[in-house]
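Worksheet: one structure, shown below.
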Amino acid sequence: PADLGIEALRTHVAGEMQRTRDRSITLTSAVDDDELVEQHSPLMSPLVWDLAHVGSQEEIWLVRDVGGRSAVRPDIDDLYDAFQHARADRPSLPLLGPTEARQYVTTVRDKVLDLLERTPLEGRRLVERAFAFGMIVQHEQQHDETMLATHQLRRGAPVLDDVPPPAAMEADSLPAEVLVPGGPFVMGTSTEPWALDNERPAHEVHVADFCIDTTPVTNGQFLRFIDSGGYDQPRWWSEQGWQYRQHAQLHAPLFWSNEDGTWWRRRFGRVEPVALDEPVVHVCFHEAQAYANWAGKRLPTEQEWEKAARFDPHSGRSLRYPWGQEDPRPEQANLGQRHLRPAPAGAYPAGAAPCGARQLLGDVWEWTASDFLPYPGFAAFPYREYSEVFFGTGHKVLRGGSFGTDAAACRGTFRNWDYPIRRQIFAGFRCARTPGRDELS
Ligand code: AVJ
Ligand code: FE
């Protein structure tokens, strides 16, 4: 959107808002109203909470803050403040019912569309105002992914439509890993229009030589770890990881089950054999780290991940996306809930990074070794609660987005974070390692 004129910018934002709302409505209409108010897991909100929360944030940041207009429902701010009530407690709150919640988000949206037409987007405050709209669109898209994770947790028949992802291309002939030569690169951004505060500012980082897997780790690879007893051998796990493995009795990715020696997985209401060529998903950081240790490798740092995804050795610059500067097209990455599963490892040759790694964007979020911390020069914007309060609180960084992430809510600089024990998100991983001296000559 950076180089659009003002009118085109308004049209673009209105289009993104509508496209995103269509998905939110699909996710909250696919189950009946009784189920909307139910909690499928204490890790998640009832879907009806997410819907009204999206409206509440839109009211607070656009109707009131940007628009300076009077409040629609000042009485419900507290109910939909994620910091006031833990997810586990949300079902017992006096929430808006399904009909009220739908009316509420529509009322707020009508005011916002009016505001979008009348707000001066020219001049000094252009970036700030346009950003507020972009932030709210991305916020709704993030909750669409959260709602999709709730759908994955629910029991019952399938209710969401999708189409199969593309096949792998020359997967067998791809090298297992690629080498990224050491040197400086620019991490983060100061120019990406919809980048959130934690992605800023752009800053130079020196990254030593490293190798990174060409694709995310597959179910087939992960099964070898399981079959070799990886879940029962503390030597592969960190101390904290092993404690959690014991406490939660982890023995396979979430949603897997073994019957008579065959592994099955439940996916959006269907039970199917585990697909060997598909990236593993629904593993926590500790499982990813244990696998990497078992494989004689490690998880990449987020600096390494971003350099693999963005650094173009020909120009010495950092790209917006692995494939270049243009916004994602369907043949480049598995994003946007078109396919409700990762594509096989080796798919999306058109989305490869300059280093040759594939599927860095889309398919599965990738756990990194890094803690979620601010970049040098970080400034909280527009509120401390978006990122700042999560720095240094034990969250690990995930990169790259998943099949459930909207294309407009992901880019090479995007940083997600979660606790290292979380498995309900669409997270997998790929491994890295530091090459030996003899490999570099
Ligand atoms: C960036 C995915 C960690 O869902 O907790 C949603 C995004 N922030 N509402 C989350 C978010 C406020 C956030 N993550
Ligand atoms: Fe939120």
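Indexing begins at 1, ligand by ligand and atom by atom, following the structure's order.
Contacts of Asp418 with ligand 1, taken as heavy-atom pairs under 4.0 Å, are absent altogether. Counting heavy atoms under 4.0 Å from ligand 1, residue His143 touches it through the side chain alone. The proximity of Tyr386 to ligand 1, defined as any non-hydrogen pair under 4.0 Å, is limited to the side chain.
The side chain to side chain contact (heavy atoms under 4.5 Å, CB included) test applied to Pro201 returns Ser190, Tyr375, not counting sequence neighbours.
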Please evaluate residues Val207 and Glu306 with respect to the criterion side chain to side chain contact (heavy atoms under 4.5 Å, CB included), reporting the C-alpha separation (whole Å), side-chain torsions for both, the decisive distance (0.1 Å), and the verdict.
CA-CA 10 Å; Val207 183; Glu306 187 167 324; over 6 Å; no
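Judged purely by distance below 3.5 Å, without hydrogens or angles, the side chains of Thr413 and Glu192 never pair a donor atom with an acceptor atom. Side-chain contact annotation: Asp22 with Gln18, donor-acceptor N/O pair under 3.5 Å present.
When atom types are taken as modelled, the side chain of Arg415 and the backbone of Glu302 share no donor-acceptor pair closer than 3.5 angstrom.
The single protein non-hydrogen atom nearest to atom 14 (N) of ligand 1 is Asn416 OD1, 3.6 Å, given as residue, atom name and distance. Shortest contact from atom 10 (C) of ligand 1 to any protein heavy atom: Arg87 NH2, 4.9 Å. Of the protein's heavy atoms, Gln142 OE1, 3.4 Å lies nearest to atom 11 (C) of ligand 1.
Applying the 6.0 Å contact sphere to NE2 of His247 captures no more than 12 heavy atoms from other residues, nucleotides or ligands. More than 12 heavy-atom neighbours from other residues, nucleotides or ligands sit within 6.0 angstrom of NZ on Lys297. At most 12 non-hydrogen atoms from other residues, nucleotides or ligands lie less than 6.0 angstrom from CD of Glu239.
Exactly one of Phe255, Trp365, Phe403 qualifies for a ring-ring contact (aromatic ring centres under 6.0 Å, His included) with Phe426. That residue is Phe403.
Distance screen at 4.0 Å: atom 8 (N) of ligand 1 has a protein heavy-atom neighbour inside the cut-off.
Two residues are said to be in side-chain contact when any heavy atoms from C-beta on lie closer than 4.5 Å; Arg102 and Asp33 meet this criterion.
Around the Fe ion (ligand 2), the protein N, O or S atoms found under 2.8 Å comprise His53 NE2, His139 NE2, His143 NE2.
The shortest N or O to N or O distance between His139 and ligand 1 is below 3.5 Å.
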